[in-house]
Amino acid sequence: ELDFSSCALQDEGFDVLFTFVKNRTNIRSLDVSANHLKLASVLKVADLIRSRSSSLQAIKIENADAGKVGGLAILKAMQLNFQLCTIGLSSTGIDRETVKKIEAMAME
């Protein structure tokens, strides 16, 4: 489990973390909430979700600037991921309908 919540992680720092997590198969949970990540980092989260090498079962990106584009990227990534069962998306700017679809896919 990696908890980087509320640690002033910015997009540049997330790039390093993303590379580290993407190449590990033993990380089950990642929390990067409350870092006010921008869309570029949210899209990398979608890449992590989509990655076949990822072993993530839970991820939190709350308080990130995802918006509609980020929400749709995560939704598409979820269609290829059968391991992720928990995802935290509050205060991300993702519309309610998309959040419900993403959460439903995580619960399947």
Side-chain angles (χ1 to χ4, degrees):
E1 179 177 324
L2 291 178
D3 185 350
F4 284 88
S5 61
S6 301
C7 66
L9 183 67
Q10 295 187 9
D11 291 314
E12 298 79 21
F14 186 77
D15 287 345
V16 174
L17 180 61
F18 170 77
T19 301
F20 176 80
V21 172
K22 191 170 184 176
N23 295 317
R24 301 293 182 278
T25 58
N26 61 339
I27 299 172
R28 304 280 182 246
S29 177
L30 176 64
D31 185 349
V32 292
S33 58
N35 283 296
H36 304 288
L37 299 174
K38 303 293 182 210
L39 178 60
S41 292
V42 174
L43 295 177
K44 288 184 181 188
V45 168
D47 285 344
L48 272 178
I49 293 169
R50 184 175 33 253
S51 173
R52 296 235 184 254
S53 62
S54 173
S55 58
L56 287 174
Q57 296 173 352
I59 191 162
K60 290 173 101 177
I61 61 167
E62 297 162 348
N63 298 314
D65 188 15
K68 185 172 186 164
V69 172
L72 292 175
I74 291 171
L75 181 59
K76 285 183 181 180
M78 290 295 295
Q79 294 169 347
L80 302 172
N81 183 299
F82 302 105
Q83 295 182 136
L84 195 67
C85 51
T86 305
I87 186 162
L89 297 169
S90 66
S91 300
T92 56
I94 300 173
D95 64 273
R96 189 179 183 117
E97 183 178 324
T98 303
V99 168
K100 284 183 180 181
K101 289 178 183 177
I102 292 168
E103 289 173 343
M105 293 181 92
M107 297 173 86
E108 290 181 353

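Numbering starts at 1 and runs along the sequence shown.
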Quick one: pull up [atom1] in [X] and [atom2] in [Y] and give me the separation to the nearest 0.5 Å.
{"X": "M105", "Y": "L75", "atom1": "CE", "atom2": "CG", "value": "6.0 Å"}
{"X": "I27", "Y": "L2", "atom1": "CD1", "atom2": "CG", "value": "4.5 Å"}
{"X": "R50", "Y": "K76", "atom1": "CZ", "atom2": "NZ", "value": "9.0 Å"}
{"X": "L37", "Y": "L17", "atom1": "CG", "atom2": "CG", "value": "9.5 Å"}
{"X": "L30", "Y": "I61", "atom1": "CG", "atom2": "CD1", "value": "10.0 Å"}
{"X": "I102", "Y": "I74", "atom1": "CD1", "atom2": "CD1", "value": "5.5 Å"}

Close side-chain approach of [X] to [Y], heavy-atom, < 4.5 Å:
{"X": "T98", "Y": "K68", "result": "no"}
{"X": "S91", "Y": "E62", "result": "no"}
{"X": "T19", "Y": "K22", "result": "no"}
{"X": "D65", "Y": "L39", "result": "no"}
{"X": "F14", "Y": "N35", "result": "no"}

Between [X] and [Y], what is the shortest heavy-atom contact and its length?
{"X": "T25", "Y": "S55", "answer": "O-OG, 2.6 Å"}
{"X": "A106", "Y": "T86", "answer": "CB-N, 4.4 Å"}
{"X": "V42", "Y": "A66", "answer": "CG1-CB, 3.6 Å"}

Sequence-distant partners of D95, salt bridge (Lys or Arg N to Asp or Glu O under 4.0 Å), two or more places apart: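 Checked D95 against salt bridge (Lys or Arg N to Asp or Glu O under 4.0 Å); zero matches.
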
Salt bridge (Lys or Arg N to Asp or Glu O under 4.0 Å) involving E97 - partner list, sequence neighbours excluded: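 K101.
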
Using the test side chain to side chain donor-acceptor pair (under 3.5 Å), find all partners of [X] that sit at least two apart in sequence or belong to another chain.
{"X": "N81", "answer": "none"}
{"X": "R24", "answer": "none"}
{"X": "S29", "answer": "none"}

D31 (side chain) donor-acceptor with S33 (main chain) under 3.5 angstrom: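 Yes.
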
T92 side chain vs A64 backbone, donor-acceptor pair below 3.5 Å: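 No, the answer is negative, given that no donor and acceptor are paired below the 3.5 Å cut-off.
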
Pairwise side-chain hydrogen bond (donor to acceptor under 3.5 Å, both in side chains) hits with a residue in residues 3-18, at least two apart: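 Matches after skipping sequence neighbours: D3-S5, D11-S41, D15-K44.
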
